[in-house]
Number of protein chains: 2
Amino acid sequence: MAAMAEKAQYEELARQLSAIGVVKRDMGRTLPSDCPAGSAGVLTLLGRHGDMRMSRLAELLAVDISVTSRHVAHVAERGWIERLPDPADKRSRILSLTPAGRAQLDELYERTTQLLTDRLSDWTGEEVRLLIQLMTRLRESFGDCRASPRAPQAASVAADITRTPA
Amino acid sequence: MAAMAEKAQYEELARQLSAIGVVKRDMGRTLPSDCPAGSAGVLTLLGRHGDMRMSRLAELLAVDISVTSRHVAHVAERGWIERLPDPADKRSRILSLTPAGRAQLDELYERTTQLLTDRLSDWTGEEVRLLIQLMTRLRESFGDCRASPRAPQAASVAADITRTPA
DNA sequence: TATTGTTATACTCTATAACTATA
DNA sequence: TATAGTTATAGAGTATAACAATA
């Protein structure tokens, strides 16, 4: 009984996931031409979490380290980050934002805010918060448990909904 | 004041959007090797909405018609759809699922359900429903208003939350 | 002239595998 | 031997532009 309804829900969720690309592409169009989404991800995570090694960044990006390496190279070529030697392990490199990288990051923040302020003008803060919470939990459910260092577990959303009835 | 909080929320939402790829890739890995995500999208929408023209399908997929053309060609080569002449406009083609296409679609449903049943085992139906609703609204807010033919407008989610306090 | 759809081209993102340097 | 990172290669998805056929 409930299984049938769940199956239909799952189909609908799969459809929504496959269609979310239209949102990502719209976001991508607002990026500077020399800073594609991959580069923006590197800058954002370094800005948020501070200096880190390649392998840690790959975890946060949730992509293979070879992909991370390419994004990092692109960002480093533009002088937005430095790759410092790791005194504890000569195989490793410590990634660190440069002042130019921080400036680029500010530019990205500016563009993101402008776009979302426009697109989500009729959303409440509560709705945005809830969507963020559910997307975070979705990623955790798919095994990406690395991106929420401060929030060990995005607890049951249902409980949160009842606790915060707008 | 509130603007600062909103800006931080927007940054977080942008991060979640850029990181959702890990979920899509996991879904993609469950697909048959000769039926990539683009093909699955074509089959799914034809199954859901019935026969349609290329241009309509491109709208539903929310991609350029040139992209749609390639996905459709891939699916047609495998015998999953037919491209029938449109009696009303000889430039146009009517796309129609074949029995083999329906069988392939059933296979896709099966795999999707299995994956999501596993990954979302600790989600409530209400949480899934809410995520679907918010993602639908997000796409609408980004100008993709074409994919919800039966639900003219996904109304305020905040109102819905209070109306349905679990 | 305008529109429907196809094809050619180019770009981004991704994973796998082979490789180098270090642990 | 095992691990950190780089590079080469291949595959999927997308958009733009040029084109053919029809409206």
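What you see below is based on every heavy atom in this structure, not just the backbone, and it leaves out hydrogens, waters and symmetry mates. In the text below, chain A, chain B and the rest are named by the order of the sequence lines, each starting its count at 1.
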### Query
Contact class for A/Val67 (heavy atom, under 4.0 Å): base, sugar-phosphate, or nothing?
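Touches a base.
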### Message
Over all strands shown, is A/Arg25 touching base, sugar-phosphate only, or nothing at heavy-atom distances under 4.0 angstrom?
### Response
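Sugar-phosphate: the residue A/Arg25, judged by heavy atoms under 4.0 Å, touches backbone atoms but no base.
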Just jot down the side-chain contact (heavy atoms from CB on, under 4.5 Å) partners of [X], sequence neighbours excluded, or say none.
X: A/Ala76; answer: A/Ile81, A/Arg83
X: B/Glu82; answer: B/Leu84, B/Thr98
X: B/Ser55; answer: B/Arg53, B/Ile65
X: B/Gln114; answer: B/Glu110

### Selection: residues 72-85 of chain A, any non-hydrogen atom under 4.0 Å of DNA chain C
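Correct list: empty, so none.
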### D/dT14 base / B/Arg70 side chain donor-acceptor hit below 3.5 Å
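Answer is yes: a donor-acceptor pair is held.
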### Residues forming a salt bridge (charged side-chain N to carboxylate O under 4.0 Å, His left out) with B/Asp118, sequence neighbours excluded
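For B/Asp118 there are no salt bridge (charged side-chain N to carboxylate O under 4.0 Å, His left out) partners, ignoring immediate neighbours.
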### Task
Just do the side-chain contact (heavy atoms from CB on, under 4.5 Å) check on B/Trp123 and A/Leu138 with the steps written out, would you?
CA-CA 9 Å; B/Trp123 285 57; A/Leu138 182 66; 4.1 Å; yes
Side-chain N,O ([X]) to OP1/OP2 ([N]) below 4.0 Å:
X: A/Ser92; N: D/dG5; value: yes
X: A/His71; N: C/dT12; value: no
X: B/Ser55; N: C/dG5; value: yes

When the distance from [atom1] of [X] to [atom2] of [N] is rounded to whole Å, what number comes out?
X: B/Met54; N: C/dT7; atom1: CE; atom2: P; result: 10 Å
X: A/Met27; N: C/dT12; atom1: CE; atom2: P; result: 18 Å
X: A/Ile65; N: C/dC13; atom1: CD1; atom2: P; result: 18 Å
X: B/Lys24; N: D/dT14; atom1: NZ; atom2: C1'; result: 11 Å
X: A/Asp26; N: D/dA15; atom1: CG; atom2: P; result: 11 Å
X: B/Arg53; N: D/dT22; atom1: CZ; atom2: P; result: 14 Å

### Query
What string of B, S and - do you get for nucleotides 17-23 of chain C, 5' to 3', if B is base contact, S is sugar-phosphate-only contact and - is no contact with any protein heavy atom under 4.0 Å?
B---BBS
### Query
Which residue lies toward the 5' end of DNA chain D, A/Ser18 or A/Thr68, if each is placed at its nearest nucleotide?
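By nearest-heavy-atom nucleotide position, the 5'-most residue is A/Thr68.
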#### Entry: A/Ser18: side-chain hydrogen bond (donor to acceptor under 3.5 Å, both in side chains) partners, not counting sequence neighbours
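With neighbours one apart ignored, the set is A/Arg15.
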### A/Thr117: partners by side-chain hydrogen bond (donor to acceptor under 3.5 Å, both in side chains), with sequence neighbours left out
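With neighbours one apart ignored, the set is empty.
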### Message
For DNA chain D, which residues of residues 29-40 of chain B approach it to below 4.0 angstrom with any heavy atom?
### Response
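Within residues 29-40 of chain B, the residues near DNA chain D are B/Pro36, B/Ala37, B/Gly38.
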### Task
Might you point out which heavy atoms bring A/Asp51 and A/Leu46 nearest each other, and give the distance in Å?
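It is CA-CD2, 4.5 Å.
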### Task
Sequence neighbours left out, what pairs pass salt bridge (charged side-chain N to carboxylate O under 4.0 Å, His left out) with at least one residue falling in residues 17-36 of chain B?
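Those involving residues 17-36 of chain B are B/Asp26-B/Arg29, B/Asp26-B/Arg119.
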### Sequence neighbours excluded, every pair satisfying salt bridge (charged side-chain N to carboxylate O under 4.0 Å, His left out) that has a member inside residues 90-107 of chain A
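For residues 90-107 of chain A, and leaving out neighbouring residues, the salt bridge (charged side-chain N to carboxylate O under 4.0 Å, His left out) pairs sorted by first residue read A/Asp89-A/Arg91, A/Glu107-A/Arg111.
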### Donor-acceptor contact below 3.5 Å, side chain A/Arg70 vs main chain A/Ser66
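Side chain of A/Arg70 to backbone of A/Ser66: no pair is present.
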